[in-house]
Amino acid sequence: MLNDKVFLKLNEKIVKLWLIAIALFVLMLAAGCAGQNHQTSPAESAQTTGKNDGQSQQNSVSPTTPATPSAPVATPAPKIETAPAATPAQKTETAPAAAPAPKTGAASESTPELTVDAAIKLMDEARDRNYKLLQKGGPCDDFNYINDEDGGYAFICAELNSKEKIQKYLEEAFTSPIADTIIGQLNLRKVDNKLAFSPLDWGSMYDWSGIKVTKTTKDGNKVTFLFKVGLLDASAETKTIEITFKYIDKSGWRVDTKPQHFL
């Protein structure tokens, strides 16, 4: 009987040990499964977060790449704008305003008419200036003729004591070429540091009181008159004198005929 009790107690201990071992084994299995579940969940979360990050990165990159539509704002648009403002339009505008148009109308529109009375008055003034300069040295009254071995001389008036002043004096009635011709007849020179000339004796045989115009010819800025003039000798026939007048810009009408033709 004692042996049976001992055997039963041993069996009970063995069963308890097996139960404990089975319980431990079950616990170990449960712990192992829990560990696997715990490990897989972070991986999945990592993958999901990775996917989300990838999508967010794709989403963040996608706005920047469309920004490259700077291509539409590229140079084509400015070129289209600058094309209308190019020079061709300006050239077409300036072409009508070229010089030929003003030149065609300048002679007829800007040249004033020279009346017969104005022409006769200007001719008288030109003749008077030529006479005073060649005989007296200008419009002064202190004329003094000095004889010498060179044929004699007199001094030019003080107000005309240079060639430039004489030129200006003559060009108030004559054109510049005619004024040059008259100055060339003076034989200008310096005597005692003064401007001297060789006086010339000029006279006229015409009677200018009965002058008449027989013909007028216009050519651009020039007008030519044919004057019929009587002579101081009443028995002599009248003469026809041709005198040309030229209009000078900013100066007016000037005699363009040498004075010896109408003295």
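Numbering of residues begins at 1 and proceeds along the displayed sequence.
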J.: Taking atom CD of Glu237 as the centre, report whether more than 12 heavy atoms of other residues, nucleotides or ligands fall under 6.0 Å from it.
T.: no
J.: So for atom NZ, which belongs to Lys258, do other residues, nucleotides or ligands contribute more than 12 heavy atoms lying within a distance under 6.0 Å?
T.: no
J.: Considering all heavy atoms of both residues, which atom of Leu195 and which atom of Leu160 are nearest to each other, and what is their separation?
T.: CD2-O, 4.0 Å
J.: Which heavy atom in Glu171 sits nearest to a heavy atom in Arg254, and how many Å separate them?
T.: O-NE, 2.8 Å
J.: Nearest 0.5 Å, what's the NZ-CZ distance between Lys190 and Phe155?
T.: 10.0 Å
J.: Is there a side-chain contact (heavy atoms from CB on, under 4.5 Å) between Ile120 and Ile211? Walk through the geometry before answering.
T.: CA-CA 9 Å; Ile120 294 174; Ile211 187 172; 3.8 Å; yes
J.: Tell me the closest heavy-atom pair linking Asp148 and Gly152, and the distance in Å.
T.: OD1-N, 2.7 Å
J.: Take Thr240 and Phe227 through the side-chain contact (heavy atoms from CB on, under 4.5 Å) test and state the conclusion after the steps.
T.: CA-CA 5 Å; Thr240 300; Phe227 294 103; over 6 Å; no
J.: Do Leu186 and Val191 land in one hydrophobic cluster if side-chain heavy atoms of ILVMFWY residues count as linked below 4.5 Å?
T.: no
J.: Can you classify the ring geometry of Phe143 versus Phe197 as parallel (below 30°), tilted (30 to 60°) or perpendicular (above 60°)?
T.: tilted
J.: Any salt bridge between Asp124 and Arg127, counting N to O under 4.0 Å?
T.: yes
J.: Less than 6.0 angstrom from the centroid, inside 45 degrees of the normal: does Arg129 satisfy that with respect to the ring of Tyr169?
T.: yes
J.: Do we see a donor-acceptor contact under 3.5 Å between the side chains of Asp256 and Thr175?
T.: yes
J.: Under a plain distance cut-off of 3.5 Å, with no hydrogens placed, do Thr217 and Thr224 share a side-chain donor-acceptor pair?
T.: no
J.: Are the ring centres of Phe245 and Trp253 closer than 6.0 Å?
T.: no
J.: Taking all heavy atoms of Lys132 and all of Pro139, pick out the closest pair and write down the distance.
T.: CD-CA, 4.2 Å
J.: Closest approach of Phe225 and Ala119, non-hydrogen atoms and distance?
T.: CE1-CB, 3.6 Å
J.: Are Leu114 and Val116 joined in one hydrophobic group, where the rule is that I, L, V, M, F, W and Y side chains link up if heavy atoms are under 4.5 Å apart?
T.: yes
J.: Would you kindly say whether Thr115 and Asp117 are connected by a side-chain donor-acceptor distance under 3.5 Å?
T.: no
J.: List the atom of Ile182, the atom of Pro259, and the distance in Å for their closest heavy-atom pair.
T.: CD1-CG, 3.9 Å
J.: Please answer: with hydrophobic residues joined when any side-chain heavy atoms are less than 4.5 Å apart, are Val223 and Val213 in the same cluster?
T.: yes
J.: Hey, what do you get for CH2 (Trp208) to CD1 (Ile241), rounding to the nearest 0.5 Å?
T.: 3.5 Å
J.: Given side-chain contact (heavy atoms from CB on, under 4.5 Å), test Ile183 with Gln167 step by step and report yes or no.
T.: CA-CA 8 Å; Ile183 292 174; Gln167 184 88 20; 3.0 Å; yes
J.: Hey, is CG on Asp219 packed in by over 12 heavy atoms from elsewhere, all under 6.0 Å?
T.: no
J.: Just checking, is any N or O donor in the side chain of Ser198 or Arg189 under 3.5 Å from an acceptor N or O on the other one?
T.: yes
J.: Looking just at side-chain N and O atoms, do Asn130 and Gln260 make a donor-acceptor pair shorter than 3.5 Å?
T.: no
J.: Between atom CG of Asp233 and atom CE of Met205, what is the distance when rounded to the nearest 0.5 Å?
T.: 10.0 Å
J.: Side-chain heavy atoms under 4.5 angstrom apart, residues restricted to Ile, Leu, Val, Met, Phe, Trp, Tyr: same cluster for Val229 and Leu226?
T.: no
J.: Under the side-chain contact (heavy atoms from CB on, under 4.5 Å) criterion, do Leu188 and Ile156 qualify, and how do the steps go?
T.: CA-CA 9 Å; Leu188 293 173; Ile156 293 290; 4.0 Å; yes
J.: Between Thr244 (side chain only) and Thr257 (backbone N and O only), is there a donor and an acceptor less than 3.5 Å apart?
T.: no
